[in-house]
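Remember, it's a predicted structure, so these values are computed and weren't measured experimentally.
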Amino acid sequence: MKPWKTVYITTQGAVVRARKGAFEVLAKEEVIQRILSKDVNQIIAVGNITFTSGAIAECLKNGIDLVFTDYSGRFRGRLIGPLSANALLRMRQSILFSQEAFVTELARRHVYGKLNNCVKLLIKNNYRLKSEKIASAVRQIKKLAESLSDRKELSEIRGVEGKASAVYFSVFGEMLKNPNFKFTVRSKRPPLDEINALLSLGYTLMFGRLEGLVYTVGLDPYIGSLHELESGKPSLVLDILEEFRFAVDALVIKLVNKKILTPQDFEHKPGDDPPVVLTRDGFKKFVQYFNDALEEEYVHHDNKTYPLKEIMLNQARLMANHVMGAKEYMPFLI
Amino acid sequence: MRYVVVAYDISDDRKRDKIAKELERFGYRVQKSVFECYVSEKEYKAMKRTLKSLMDPDDKIYFYTLCSVCTGKIERLGKEEFLPSEESITVC
């Protein structure tokens with residue numbers, strides 16, 4: 001009995017209430033959407049959205065993942081119901097992730113996955129571009145990936161990831177063939193131009209989804225390997241996310257190169273943080289294509305294909321199995 | 001899970017209202033006597049049981065199950081209110 005829908009609420013000032021097993025979304029006191037709670041599996045509240053206590057209770061009762069972002073899509077937080085009774089799993093996670101050898105090996109695998117997927121994306125795009133800059137970046141990143149097995153320290157593995165990222169973003173702009181958009185350098189807090197805004201939004205949506213899955217399988221999102229625990233960020237989620245960032249990159253490239261998104265889909269607010277955001281229509285478009293990207297099939301285990309969103313769940317499950325000692329965690333490789 | 005269109009023809013007003021109320025729990029009213037529902041087998045059986053108990057001998061309730069290929073081909077003319085869109089996301 002799997003609920004099938006993700007609902008994005010983007011109408012600013014909307015009120016969400018619960019009525020007879022359904023969510024009603026009101027804008028200016030008029031019901032603009034009605035969805036049965038049994039059909040919903042995730043709600044993303046974008047910006048200024050009000051939830052009545054009844055609506056919140058309905059989410060908690062049905063185990064509906066409720067995620068809050070700001071108007072630009074920046075993750076604010078999520079509503080968490082009673083944590084799963086998986087204390088044993090979380091205890092093992094704490095113990096294992098405090099062991100240097102364990103986290104070093106796991107971090108190595110995450111980074112290998114990320115680098116492999118970056119390289120594959122670059123090669124795929126370079127097939128028609130035939131850019132020497134991209135080809136050189138591919139060679140450099142491949143070399144860095146190969147060096148991973150020699151790195152004994154966690155700090156070295158983080159170093160490899162950092163270097164590879166720098167090389168990757170130094171040629172990212174080469175893959176964009178739309179004169180209206182330029183990419184020179186990655187900017188995150190805040191994203192300073194349209195491409196960076198899209199990347200950040202995509203990564204945030206993917207992160208939000210993955211964090212929910214990590215909670216679902218009973219793991220603690222804050223105890224990871226590759227990402228620093230002291231940063232106060234959900235490092236386990238960020239670790240696994242590295243293997244999936246390529247999908248956001250591919251999505252942004254497609255939306256820009258196929259002119260699905262145009263400059264009219266963006267609003268510029270020079271003093272604000274962030275200074276560039278998508279318009280409501282642009283946001284809706286992005287979300288539709290993001291959802292399609294989650295449904296795209298990739299070869300995963302035993303040579304069968306699975307939709308990306310299912311692979312995300314499988315990787316979270318695999319991590320839980322790795323912690324229990326039942327299976328080995330292998331990164332998702334495209 | 002199945003996507004099923006439920007179309008009913010009920011003469012008694014009170015029974016017709018009860019049927020509509022029951023179907024509101026499972027799906028979306030797309031026309032006066034037509035609902036579209038996405039239900040599990042358990043829900044489907046429960047729905048049919050309740051509806052059957054509300055029928056008179058002359059009444060009709062038909063259940064048209066659609067596969068995902070067919071739901072993708074659904075076309076609608078006229079007012080589109082709260083459509084249970086076949087897509088797995090809703091943006092509002």
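- Residue A/I44 does not touch chain B at all, counting heavy-atom pairs closer than 4.5 Å.
- More than 12 heavy atoms of other shown residues, nucleotides or ligands fall within 6.0 angstrom of atom CD in B/E41.
- If you measure heavy-atom distances from B/E24 to chain A, the contacts under 4.5 Å come from both the backbone and the side chain.
- The environment of CG in B/D56 is crowded: more than 12 heavy-atom neighbours from other residues, nucleotides or ligands sit within 6.0 Å.
- For A/F75, the CZ atom counts as densely surrounded, since its 6.0 Å shell holds more than 12 non-hydrogen atoms of other residues, nucleotides or ligands.
- Listed for the A/K38 side chain is no donor-acceptor partner under 3.5 Å among the backbone atoms of B/R25.
- A/L36 CG to B/Y28 OH: the interatomic distance, rounded to the nearest 0.5 Å, is 4.0 Å.
- Crowding of A/K284 atom NZ: a count of heavy atoms from other residues, nucleotides or ligands under 6.0 Å exceeding 12.
- Residue contact with chain B, scored on non-hydrogen atoms closer than 4.5 Å, involves the backbone and the side chain of A/V287 alike.
- Within 6.0 Å of NZ in A/K259 there are more than 12 heavy atoms belonging to other residues, nucleotides or ligands.
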